[in-house]
Amino acid sequence: MKRFRDLSLTAQLVLIVAAALFAAQAVNFALLLRETRALAESRSVEPAAVRLLMESGRAGFAGERHRRERLRQPRPQPPETRPGERRLPRIEASIAERLQAAGAPARGVRAFVRRWERHGREEHVLIAAASFDSEEWVVTRARAPLPAGPLAARLVLQTLIIFAVTLLPLMLFARRSGRTLKRLSGAARTFRGRSDSAPLTPEGAADIRALTEEFNAMRARIAAMMAEKDQMLGAIGHDLRTPLASLRIRAEAVEDDDERQAMIASIEDMHGDLEDILLLARAGRADPDISPLALSQLVDDLAAEQRRTGRDVSVEGTVADDIFVRANTASLRRALRNLIDNAVLYGGSARILVTQERDEIRIAVQDDGPGIGKADLERAADPFVRLESSRNRQTGGSGLGLAIARQVASAHGGRLDLSNRSEGGLSAAIILPKA
């Protein structure tokens, strides 16, 4: 059942209709075969029973008996089957019933089909024999029942024609509807809240066209809300940066050194939180300046930048020059810097490891810290989640670093993967499609 649910709409419709047609044809096949077989047996059984009665001299067929004296010669033993011949129990039972109904019950009945040469042509003949009052057997010939093969072949051909006439138009219709649904799915997957994407053209049945039109309208509403949100965030950022800059200037005028440094640190924390919030809010939008980016240069620059500030950050192994991803350099740099900040904060050092897995590039930042509990791995990248309980930015940060990294990875068609290393520590990896 799970495999059936995983199939496309076209495949499910075709399978359901094919199964229904097959069941209906199977019932029809069984009924027709049964009736045809009964009719064929009746056309063989009735003449065979009458001729046995005639050959045995029963039921007033004396004249006919004398004319068929040559065929009527009784035999002490029933006729034996030859190699390749077999007895027909159904025919034997039917002949016995006919003889019983005619008032001439038989002590034994034999029936089988034999090949017979007649006028240079091979025919199939029913050999029927019956034993009445004595031990002798009366033998006669009759038309052999028609084989079921030709009928079965005709029914199979009929079934194939019905399947073709029914399923081919259904497949064409379902494929057309499936293509529209696939386009809708692709458009929903790649939609990043921008209003510059062209609306989908409604196609297919009326309800599919209505769905496409509603999807276009929904996408337009979302794009309008996202644009309004960006405008609002820009205004909030501008309105908050100005008073923060003013507070920083005033803090510089405080004479007490300890008090001044504490005020400046608080203002910097607020400024950092504001930038993180604004960046997170915009991270889900696709960047317009995405282009092929060589990872070797990016990770080397990041590691050198971190080492200049006194941090223990290194690149593990050699990153090949031909490893490219399609990304916005500034956004990806910011996301990786957040992962490095977390690694250095909790593990004291960071190692950058770039590997290629099929059509994906994995950029992992590893540390030797305590790692993350299994229960917290899935929620660690949620906004404002801080697994360190204090509110001190020096120990716990703002709780937005991993959330920003996840949003940046998602905006580039990738994902963020967090896992505890078997050697200890955490591996935080951004996985992106290969360019």
Side-chain angles (χ1 to χ4, degrees), residues 272-273 275-277 279-280 283-284 293 295-307 309 311-317 319 323 325-358 360-390 393-434:
D273 287 344
E275 292 299 326
D276 286 345
I277 292 173
L279 180 60
L280 177 64
L293 173 64
L295 286 180
S296 59
Q297 185 65 40
L298 176 64
V299 297
D300 287 342
D301 290 347
L302 271 174
E305 171 191 291
Q306 296 293 320
R307 285 194 294 268
T309 63
R311 290 181 165 185
D312 182 9
V313 177
S314 61
V315 179
E316 188 169 317
V319 182
I323 296 182
V325 295
R326 291 188 57 82
N328 176 267
T329 305
S331 297
L332 185 57
R333 181 185 291 270
R334 176 60 185 269
L336 292 174
R337 190 183 291 122
N338 287 350
L339 300 184
I340 293 172
D341 289 342
N342 280 349
V344 172
L345 179 63
Y346 293 103
S349 63
R351 292 180 302 279
I352 306 175
L353 177 62
V354 178
T355 55
Q356 181 173 342
E357 303 172 352
R358 296 183 181 177
E360 295 181 332
I361 305 299
R362 183 183 184 92
I363 315 167
V365 178
Q366 301 175 348
D367 63 58
D368 298 317
I372 298 178
K374 291 183 179 180
D376 296 325
L377 273 175
E378 293 195 8
R379 70 183 189 95
D382 292 342
F384 302 106
V385 171
R386 302 174 67 221
L387 302 181
E388 199 278 332
S389 59
S390 75
R393 284 183 62 90
Q394 298 301 320
T395 60
S398 64
L400 294 176
L402 292 178
I404 292 173
R406 183 173 66 180
Q407 288 279 40
V408 169
S410 177
H412 288 79
R415 63 189 186 276
L416 176 68
D417 178 61
L418 300 177
S419 60
N420 290 311
R421 301 170 57 236
S422 59
E423 306 88 343
L426 181 72
S427 175
I430 292 178
I431 302 174
L432 300 176
K434 183 180 179 182

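We number each residue from 1, following the sequence as shown. Note that these values count all heavy atoms, side chains included, but never hydrogens, waters or copies made by symmetry.
Heavy-atom minimum distance, N420 versus G371: OD1-CA, 3.4 Å. In this structure, V365 and A350 approach most closely via the heavy-atom pair CG1-CB, 4.1 Å. Residues N328 and H412 come closest through the heavy atom pair N-NE2, 3.0 Å. In this structure, V315 and A303 approach most closely via the heavy-atom pair CG2-CB, 3.7 Å. Closest of all the heavy-atom pairs between L418 and A380 is CD1-CB, 3.9 Å. The minimum heavy-atom distance linking A364 with S427 is given by the pair CB-OG, 3.9 Å.
From L302, atom CG reaches atom CZ of R333 across 5.0 Å, with rounding to the nearest 0.5 Å. For the atom pair CZ of R406 and CD1 of I430, the computed distance is 12.0 Å after rounding to the nearest 0.5 Å. Interatomic distance, R311 CZ to D341 CG, rounded to the nearest 0.5 Å: 4.5 Å. Taking CG of L293 as the reference point, atom CD1 of I361 lies at 11.5 Å (rounded to 0.5 Å). Atoms CG and CG, from L339 and L402 in turn, are 6.5 Å apart once rounded to the nearest 0.5 Å. If you take OG1 on T329 and CZ on R334, they are separated by 15.5 Å, rounding to the nearest 0.5 Å.
For D301, the side chain to side chain donor-acceptor pair (under 3.5 Å) partners two or more places apart in sequence, or in a different chain, are Q297.
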Checking L298 against L336 for the side chain to side chain contact (heavy atoms under 4.5 Å, CB included) test, could you report, in this order, the C-alpha distance in whole Å, the side-chain angles of both residues, the deciding distance, and whether it holds? CA-CA 10 Å; L298 176 64; L336 292 174; 3.9 Å; yes
I'd like to know whether K434 forms a side chain to side chain contact (heavy atoms under 4.5 Å, CB included) with R358, so could you lay out the CA-CA distance, the side-chain angles of the two residues, the decisive distance to 0.1 Å, and finally the verdict. CA-CA 9 Å; K434 183 180 179 182; R358 296 183 181 177; over 6 Å; no
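At distances below 3.5 Å, at least one donor-acceptor pair connects side-chain atoms of R307 with backbone N or O atoms of V313.
The side chain to side chain donor-acceptor pair (under 3.5 Å) analysis of residues 361-375, with sequence neighbours excluded, yields the pairs R351-D368, R362-D417, D368-R421.
Between L295 and the options L432, D300, I323, a side chain to side chain contact (heavy atoms under 4.5 Å, CB included) holds for only I323.
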